[in-house]
There are 2 protein chains.
Amino acid sequence: MASNFGVLIKRAANDQDKAMDAYARQYGLTGVQMSMIDFLGRRSNDVVLQRDIEAEFNIQRSTATVLLQRMEHKGFVVRQSAASDARQKQVILTQKAVGLKQHVESYIDNQQAKVEAAFSPAEMAIVNRALKFWIEENRK
Amino acid sequence: MASNFGVLIKRAANDQDKAMDAYARQYGLTGVQMSMIDFLGRRSNDVVLQRDIEAEFNIQRSTATVLLQRMEHKGFVVRQSAASDARQKQVILTQKAVGLKQHVESYIDNQQAKVEAAFSPAEMAIVNRALKFWIEENRK
C-alpha cells in the first residue's frame, strides 16, 4: 500500500465513509447523516445553528442546506428560526433521531475504541498531531 | 479541535481536497483529476487499465467512467481498448497532461516533504501504521 500521507488519508476517509454508509443504511441514514446525528446528539444541551454545522463539517452553506433539508424531509431534524437571530436556523434532532442516537454513538465510539486498543496513548498523540498538522497546512 | 480519529481523518481529507482543488484550478483541473495525472504519470511505463484506477482510488466503475470521460473531454487522457483484453479500457496521459505532470508531482511531493520535515521517520511510521489500521478496519 502507498505511504504517501495524502493518499493514505484520502483512502482512510473513503473507506470510513463507505463503512459508515453501510452501517447507516439499516437505519435509513447515510454516513454523513449519521455524523450529523452524532454531532447534534452530543451537543443536545446547546443551541446549534446551521452555521455551527457548516463550521464543524467544513461545508458551504448550500451544501449544509441540502443536507439538512433531506434530513428534515426524512424526519430526523427540524429547523426553526433561532431566538438569537431570526436569519439563522437552529437545528434540532427529532424524537425519531434521538431514538437512533444510541446506535450512531455506539458505532462511532466502537470504531474509536478499536484504534485506541491498537495504539498507545503516546502513539495516538503523534497520530492526532500529524492529522492536525495536515489540516493546518492545507488551510494555509 | 476534536480528537476523535474518524472526525480528524474526515477533516484532514476534506481540507486536503479543498487545497488541491484550489491549486489545480490554475491548470484547468480539479484535485481529483490532479491525483489521476499523478497516478498515471508515476506509472507511465506500465499499461494502466480502468480497473487499476478503480482499485487505486477505491471507486466504482461508473464513477471512474465519468471521471475519465471528463478528463478525455478536456484532453488530459485518451482511453483505448487494451491489447490484453478488448473489454478493458487502457488509460493514457496526453501530451497536454504530461506537460502538467511536473506541476502536479511537485505539489504532491512538496506537501509530503512538509509533513516529513515536521515528523521524524519513526513518528511517520506510527502515523502510517494507524492510517493503514483504519483502512483495514473499515474494509472488514
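First the proteins, then the strands, lettered A, B, ... as listed; each starts at 1.
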Flag the one option from A:D109, A:I59, A:V115, A:D38 with the top tally of heavy-atom pairs under 4.5 Å to chain B.
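Looking at each option in turn, the highest pair count goes to A:V115.
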
Highest number of heavy-atom pairs under 4.5 Å with chain B: which of A:E116, A:M20, A:E137?
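Option with the greatest count: A:E137.
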
Shared ILVMFWY cluster between [X] and [Y], side chains joined below 4.5 angstrom?
| X | Y | answer |
| --- | --- | --- |
| A:M124 | B:I9 | yes |
| B:F76 | B:Y23 | yes |
| B:L68 | B:M34 | yes |
| A:V98 | A:V77 | yes |
| A:F39 | A:Y27 | yes |

Stepwise side-chain contact (heavy atoms from CB on, under 4.5 Å) check, A:F5 with B:L131
CA-CA 9 Å; A:F5 193 50; B:L131 290 170; 3.6 Å; yes

Strictly below 4.0 Å, N to O, side chains only: are A:E56 and B:R11 in salt-bridge contact?
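Salt bridge flag = yes for B:R11 with A:E56.
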
For A:F57, is it the side chain, the backbone, both or neither that has a heavy atom under 4.5 Å from a heavy atom of chain B?
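For A:F57, backbone heavy atoms alone lie under 4.5 Å from chain B.
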
Which bit of A:K140 comes within less than 4.5 Å of chain B, counting heavy atoms only: side chain, backbone, both or neither?
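Looking at A:K140, nothing touches chain B.
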
[X], [atom1]: over 12 other non-hydrogen atoms inside 6.0 angstrom:
| X | atom1 | result |
| --- | --- | --- |
| B:Q95 | CD | no |
| B:Q26 | CD | yes |
| A:R43 | CZ | yes |

To the closest 0.5 Å, what do you measure between [atom1] ([X]) and [atom2] ([Y])?
| X | Y | atom1 | atom2 | value |
| --- | --- | --- | --- | --- |
| A:Q16 | B:R139 | CD | CZ | 13.0 Å |
| B:N138 | A:D17 | CG | CG | 9.0 Å |
| B:R129 | A:I126 | CZ | CD1 | 10.0 Å |

Would you say the side chains of B:K10 and A:N58 form a donor-acceptor pair under 3.5 Å?
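Short answer, no.
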
Check: B:Q111/A:N4 side-chain N/O donor and acceptor closer than 3.5 Å
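Side chains of B:Q111 and A:N4: no pair found under 3.5 Å.
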
Any side-chain heavy atom of B:I135 sitting closer than 4.5 Å to one from A:L8?
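Yes, side chains in contact.
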
